[in-house]
Amino acid sequence: KSVARKAISDEKKIRQAKTLDSFVNFAAKLGIGADNTFSQSSYGFNPVTRIRTLLEWIHRGSWVGGVAIDIIAEDMTREGVEFEGEIDPDDAEKMHRTAKKLNIWQAMRDTVAWSRLYGGCIAVMLIDGQEPSTPLRLETISKGQFKGLLVLDRWMVEPSLSNLVTEYGPHLGLPKFYTVTADAPALPRMKIHYSRCIRLEGIRLPYWQRLMENLWGISVLERVYDRMVAFDSATTGAAQLVNKAYIRTYKVEGLREAIAMGGPAMEGIAEYTNVMRKLQGIEGISLMDAADEFEGTVHNAFAGLSDALVQFGQQLSGALRIPLVRMFGQSPSGFSTGDTDLRNYYDGVKQQQV
């Protein structure tokens with residue numbers, strides 16, 4: 001009984017004790033919940049995936065956005081496939097030629113790219129003479145019926161959210177049909193069975209978030225949007241600083257009155273400064289009145305700017321899981337050759353191909 005009472009007492013003390021899951025110092029106001037600016041930090045909701053035109057502008061106008069979308073898709077599809085098992089080399093060569101003729105790998109490249117850009121995309125298997133709304137049965141496909149793949153991104157199809165797949169398997173809970181929109185490039189208003197589609201998502205979401213996105217994923221650009229803005233702002237700001245790297249200030253006595261009067265007085269000052277600009281140089285000389293003052297200022301904002309740009313680039317590289325040597329096309333500095341980074345990267349690409 002004494003042992004039981006002691007156990008109950010210890011449990012009661014544990015319940016009454018104040019526990020902290022992270023470091024907090026209320027006297028120094030350190031840590032989350034200690035009434036400091038850090039405690040007010042949070043994460044907002046910025047669903048850029050739903051703004052189709054913004055994603056397209058990023059892909060068209062930003063080289064970083066274009067690389068983030070295209071480079072993975074190209075690396076996943078550029079080498080095609082390798083046939084395993086016992087297969088006649090002539091048959092393998094025929095299949096490779098047929099895949100090239102039907103533009104299979106370009107279609108798969110687009111499927112991967114648009115799934116990363118929009119958060120979802122399907123590639124429809126085009127079987128001549130068959131109704132797209134019926135389930136696909138391989139035994140019913142004869143020679144010459146397969147005509148290739150039609151790529152439709154998430155904005156070109158409407159998934160059947162009230163009619164989901166109920167058969168056990170990897171497609172359980174996904175839309176059973178996809179209806180092509182009226183303004184799609186092909187098969188407008190056509191109802192397509194899920195078994196005839198190769199479905200890819202950008203970043204897969206948990207269930208309740210998938211419901212918000214009509215059972216699609218999100219664009220890979222949504223997570224790195226703020227880092228892209230920071231990187232482009234830094235590089236553009238650095239480019240603009242070049243024009244202000246050296247600022248020359250010329251103080252002219254009575255300038256305000258001359259500008260107010262205009263006419264010959266203003267024209268005289270303009271001509272005077274133009275003559276000074278022409279004569280200034282390495283071997284030139286600056287002519288000015290004894291009462292005037294001339295001052296040259298060298299901009300010091302370039303100190304540490306290169307390090308900041310490198311850090312922004314590394315953040316983008318890490319967020320997209322693309323090594324710097326592959327994303328920016330730059331040789332790594334120091335003793336690293338980049339081979340290990342590239343090997344890890346291509347291993348990751350191969351894992352996504354499975």
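On a predicted model such as this, the values are computed, not experimentally measured, just so you know. Just so it is clear, the values below take in all heavy atoms, side chains as well, and ignore hydrogens, waters and symmetry mates. Sequence positions, counted from 1, serve as the residue numbers for this chain.
- Of the possible polar contacts, none joining the Asn163 side chain to the Lys176 backbone as a donor-acceptor pair under 3.5 Å is found.
- For CZ of Arg223, the number of neighbouring non-hydrogen atoms (other residues, nucleotides, ligands) closer than 6.0 Å is 12 at most.
- Nearest heavy-atom pair, Ile259 versus Met266, reported as atom, atom and distance to 0.1 Å: CG1-SD, 3.6 Å.
- In Glu86, the CD atom is not crowded: 12 or fewer heavy atoms of neighbouring residues, nucleotides or ligands sit closer than 6.0 Å.
- Side-chain contact check for Pro47 versus Met212: every heavy-atom pair is 4.5 Å or farther apart.
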- Could you go through the side chain to side chain contact (heavy atoms under 4.5 Å, CB included) check for Leu221 and Leu117 one step at a time? CA-CA 7 Å; Leu221 299 179; Leu117 177 63; 3.9 Å; yes

- Show the numbers, then the answer: is there a side chain to side chain donor-acceptor pair (under 3.5 Å) between Gln145 and Ser142? CA-CA 6 Å; Gln145 275 190 294; Ser142 59; 3.0 Å; yes

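- Looking at Leu136 and Gln130, their side chains come closer than 4.5 Å, going by heavy atoms from C-beta outward.
- Thr111 OG1 to Gln106 CD: the interatomic distance, rounded to the nearest 0.5 Å, is 9.5 Å.
- Residues meeting the side chain to side chain contact (heavy atoms under 4.5 Å, CB included) test with Ala234, sequence neighbours left out: Leu309, Phe312.
- Residue Asp35 places its CG atom among 12 or fewer non-hydrogen atoms of other residues, nucleotides or ligands, all under 6.0 Å distant.
- Environment of CE in Met261: sparse, with no more than 12 heavy atoms of neighbouring residues, nucleotides or ligands closer than 6.0 Å.
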- Taking it one step at a time, do Leu55 and Ile69 satisfy side chain to side chain contact (heavy atoms under 4.5 Å, CB included)? CA-CA 10 Å; Leu55 297 176; Ile69 297 301; over 6 Å; no

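- Hydrophobic clustering, with ILVMFWY side chains joined whenever heavy atoms are under 4.5 angstrom apart, keeps Phe177 apart from Leu150.
- In summary, the side chains of Glu213 and Thr49 do not present any donor paired with an acceptor at a separation below 3.5 Å, with no hydrogens or angles considered.
- For Arg196 and Thr134, the side-chain atoms include at least one donor-acceptor pair closer than 3.5 Å.
- Of the possible donor and acceptor atoms, one in the side chain of Lys147 sits under 3.5 Å from a partner among the backbone N and O of Gly144.
- Scanning both residues, Val180 and Ala186, for their nearest heavy atoms gives CG1-O, 3.6 Å.
- Electrostatic pairing of Arg116 and Asp70 does not count as a salt bridge here, judged by no charged N lying under 4.0 Å from a carboxylate O.
- Across every non-hydrogen atom of Ala107 and Leu149, the tightest pair is CB-CB, 3.9 Å.
- Note: the hydrophobic cluster containing Val67 also contains Ile203 (ILVMFWY, side chain heavy atoms under 4.5 Å, direct or indirect links).
- Taking CD of Glu201 as the reference point, atom SG of Cys121 lies at 11.5 Å (rounded to 0.5 Å).
- When atom types are taken as modelled, the side chain of Thr181 and the backbone of Met156 share a donor-acceptor pair closer than 3.5 angstrom.
- Scanning all heavy atoms of the two residues, the minimum distance from Pro159 to Val157 falls at CD-O, 3.8 Å.
- Rounding to the nearest 0.5 angstrom, the gap separating the CD1 atom in Ile122 from the OG atom in Ser115 is 12.0 Å.
- Contact of the Pro132 side chain with the Val124 side chain is not registered, since no non-hydrogen atoms from C-beta on lie closer than 4.5 Å.
- By the rule that hydrophobic residues join a cluster once side-chain heavy atoms approach within less than 4.5 Å of another member, Trp155 and Ile218 end up as members of one cluster.
- Here the CG atom belonging to Leu174 is positioned 11.0 Å from the CG atom belonging to Leu161, to the nearest 0.5 angstrom.
- Applying the 6.0 Å contact sphere to CH2 of Trp208 captures no more than 12 heavy atoms from other residues, nucleotides or ligands.
- Remark: Phe45 CZ is packed, more than 12 non-hydrogen atoms of other residues, nucleotides or ligands lying under 6.0 Å away.
- Note on Leu126: it does not cluster hydrophobically with Ile141, by side-chain heavy-atom contacts below 4.5 Å among ILVMFWY residues.
- A heavy-atom distance below 4.5 Å is found between the side chains of Arg204 and Arg210.
- Considering CD1 of Ile322 and CD1 of Ile72, their distance stands at 4.5 Å, rounded to 0.5 Å.
- Proximity of a side-chain donor or acceptor of Ser195 to a complementary backbone N or O of Pro135 within less than 3.5 Å is not detected.
- The nearest pair of heavy atoms linking Val224 to Val220 is CG2-O, 3.6 Å.
- In this structure, Arg154 contributes its side chain and Trp114 its backbone to no donor-acceptor pair below 3.5 Å.
- Looking at heavy atoms from C-beta onward, Met95 lies in side-chain contact with Ile87 at the 4.5 angstrom threshold.
- Side-chain atoms of Ser133 do not come within 3.5 Å of backbone N or O of His193 as any donor-acceptor pair.
- Atom CG of residue Leu54 and atom OG of residue Ser219 lie 9.0 Å apart, to the nearest 0.5 angstrom.
- Using a 4.0 Å cut-off between charged nitrogen and carboxylate oxygen, Glu56 and Arg60 do not count as a salt-bridge pair.
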- Message: Does Leu164 form a side chain to side chain contact (heavy atoms under 4.5 Å, CB included) with Leu215? I'd like the steps, not just the answer.
- Response: CA-CA 10 Å; Leu164 305 179; Leu215 298 181; 3.8 Å; yes

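- Aromatic ring orientation, Tyr178 versus Trp216: tilted (interplanar angle from 30° to 60°).
- At most 12 heavy atoms of other shown residues, nucleotides or ligands fall within 6.0 angstrom of atom CZ in Arg189.
- The two residues Leu172 and Tyr168 come nearest to each other via the heavy atoms CD2-CD2, 4.2 Å.
- Contact check for Phe146 versus Ile127: side-chain heavy atoms found under the 4.5 Å cut-off.
- Between the side chain of Arg227 and the main chain of Leu316, no donor-acceptor pair closer than 3.5 Å is present.
- By the rule that hydrophobic residues join a cluster once side-chain heavy atoms approach within less than 4.5 Å of another member, Leu187 and Leu102 end up as members of separate clusters.
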